[in-house]
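Just below is one structure, and these are the notes that go with it.
For clarity, every value in this text was computed on a predicted model and none was experimentally measured.
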Amino acid sequence: MRDSAVRDEENQPAGHSGPRQRVRWFSRPPGRAVLISALAIGVVATVIPADGAAGDIASGFARVVGHLVSPSQDGQDFAGTPAVGALFSTTGGKLGQHFCTASVVSSPHGDLVITAAHCVSGGAAGVVFVPGYHHGAAPYGIWAVTKIYADQAWNSSADPDDDVAFLQVGQPGSIVPIEDVTGAEQLGTGTPARQLVEVIGYPNTTDTPIACRNWTREPMSDQLEFDCGGYTDGTSGGPFLASVDPLTGQGAVVGVIGGYEQGGDIPQISYSAMFGPNVAALFRTAVAGG
């Protein structure tokens with residue numbers, strides 16, 4: 001364990017379990033520029049945020065990608081990246097301890113982040129997301145979690161294959177969505193079990209995130225394994241980023257630390273539920289605000 005809604009596809013009966021399918025990608029409103037590229041594993045859209053944030057995002061991600069030129073043995077500290085951050089508890093409006101990791105995913109309303117469902121089993125009250133958190137700084141603000149979307153299979157039985165949650169976030173008095181501030185990763189479903197990914201997480205004993213690159217594998221049905229040291233408590237929910245653009249650093253989230261053993265019992269081995277039709281359906285539910 002790494003921490004201190006719907007399963008059916010469209011027009012299929014509840015409980016249906018079919019082959020993995022690619023998620024249907026949603027285009028952003030006209031006010032946001034979107035560059036879409038067709039890849040062998042699916043479709044990835046690179047979102048260019050407004051208000052001059054693109055330069056900061058590119059430089060931040062470049063720092064991540066630059067030192068991960070080959071598979072790594074251990075997670076390396078780095079200065080953080082805008083679309084990935086830490087989940088905190090709050091008391092009296094003040095940040096408490098960060099306990100899990102989450103990342104912004106592109107969505108029509110620009111207000112969703114993804115994490116492991118076990119990270120938010122206690123509900124949304126007092127939980128905030130701090131993107132780009134590093135050494136006590138919140139360069140992109142503090143965002144309150146206003147709603148949690150988790151699969152019914154997780155809610156009813158904590159099924160490790162559904163250890164995924166989407167969180168709706170916002171800031172009181174503001175209509176600016178988080179995606180306009182930080183940029184976003186894309187959601188990837190139905191991707192191969194073996195692929196090169198970069199995984200970012202926030203160990204709860206430090207205020208600095210770590211990143212590592214390695215190949216995934218499928219050690220058991222519907223679970224991914226990622227081997228790299230340093231992924232201790234607090235890294236649950238950290239994104240598995242595939243197809244990372246070396247220029248922008250943006251990629252596709254194809255997993256989050258969680259699933260089997262709620263992410264793994266030792267820091268050297270991390271797990272994720274594989275993203276299939278269940279995650280695609282849950283995403284649609286979150287987008288619809290159901």
Side-chain angles (χ1 to χ4, degrees), residues 2-3 5-17 20-26 28 47 83-89 99-131 143-172 177-179 182 184-190 222 236-240 252-259 262-263 272-290:
R2 297 291 169 78
D3 67 347
V6 190
R7 193 176 179 84
D8 60 314
E9 283 294 278
E10 188 174 32
N11 298 323
Q12 294 177 341
H16 175 86
S17 178
R20 299 184 190 282
Q21 300 177 18
R22 293 181 175 88
V23 69
R24 290 181 177 174
W25 301 103
F26 296 86
R28 294 293 299 166
V47 179
V84 182
L87 292 174
F88 283 79
S89 59
F99 60 89
C100 271
T101 304
S103 53
V104 184
V105 289
S106 184
S107 65
H109 304 297
D111 61 352
L112 296 179
V113 304
I114 189 170
T115 189
H118 75 259
C119 286
V120 288
S121 58
V127 178
V128 298
F129 174 61
V130 185
W143 300 76
V145 175
T146 57
K147 194 164 185 178
I148 297 170
Y149 297 91
D151 196 293
Q152 182 57 40
W154 173 263
N155 292 332
S156 62
S157 63
D159 186 337
D161 294 342
D162 293 281
D163 191 3
V164 179
F166 291 96
L167 314 179
Q168 185 181 65
V169 300
Q171 292 183 316
I178 191 170
E179 191 173 331
T182 64
E185 312 294 351
Q186 296 304 303
L187 178 67
T189 67
D222 294 324
S236 276
F240 286 33
V253 182
V254 298
V256 295
I257 295 179
Q262 294 193 359
S272 168
M274 292 186 72
F275 284 10
N278 55 333
V279 175
L282 184 63
F283 176 70
R284 288 198 299 270
T285 298
V287 167

- Can you name the closest pair of heavy atoms from Ala102 and Thr115 and give their distance? CB-CB, 3.9 Å
- Item | Validation row: Val127, Phe99 side chains within 4.5 angstrom (heavy atoms) | yes
- Message: Given 3.5 Å as the limit, does a donor-acceptor pair link the side chain of Ser103 with the main chain of Val84, or not?
- Response: no
- Message: Show the nearest heavy-atom pair for residues Ala184 and Ser106, with the distance to one decimal.
- Response: CB-N, 3.4 Å
- Message: Show, in sequence, the C-alpha distance, side-chain angles and deciding distance for Val105 and Val253, and conclude whether the side chain to side chain contact (heavy atoms under 4.5 Å, CB included) test is met.
- Response: CA-CA 8 Å; Val105 289; Val253 182; 4.2 Å; yes
- Note on the structure: Heavy atoms of Gly110 and Pro177 approach each other most closely as O-CB, 3.3 Å
- Out of curiosity, Phe166 CZ to Asp151 CG, how far, rounded to the nearest 0.5 Å? 10.5 Å
- The side-chain contact (heavy atoms from CB on, under 4.5 Å) partner of Ile114 among Val104, Val164, Leu167 is Val164
- Nearest heavy-atom approach of Gly258 to His118 is CA-CE1, 3.9 Å
- Rounded to the nearest 0.5 Å, how far apart are CG of Asn278 and CG of Asp161? 7.5 Å
- Query: For the atom pair CG (Leu282) and OG1 (Thr189), what is the distance rounded to the nearest 0.5 Å?
  - Reply: 11.5 Å
- Any donor-acceptor N/O pair, Asp163 side chain to Ala117 backbone, under 3.5 Å: yes
- Query: Which pair of non-hydrogen atoms, one from Trp154 and one from Asp162, has the smallest distance, and what is that distance?
  - Reply: CB-O, 3.5 Å
- Inter-residue atom distance Leu112.CG - Gln168.CD, 0.5 Å rounding: 6.5 Å
- Query: When rounded to the nearest 0.5 angstrom, what distance separates CZ in Arg284 from OH in Tyr149?
  - Reply: 14.5 Å
- Message: Once rounded to the nearest 0.5 Å, what's the spacing between atom OG1 of Thr101 and atom CZ of Phe129?
- Response: 9.0 Å
- Query: Closest heavy-atom contact between Ile148 and Ala124?
  - Reply: CD1-N, 3.5 Å
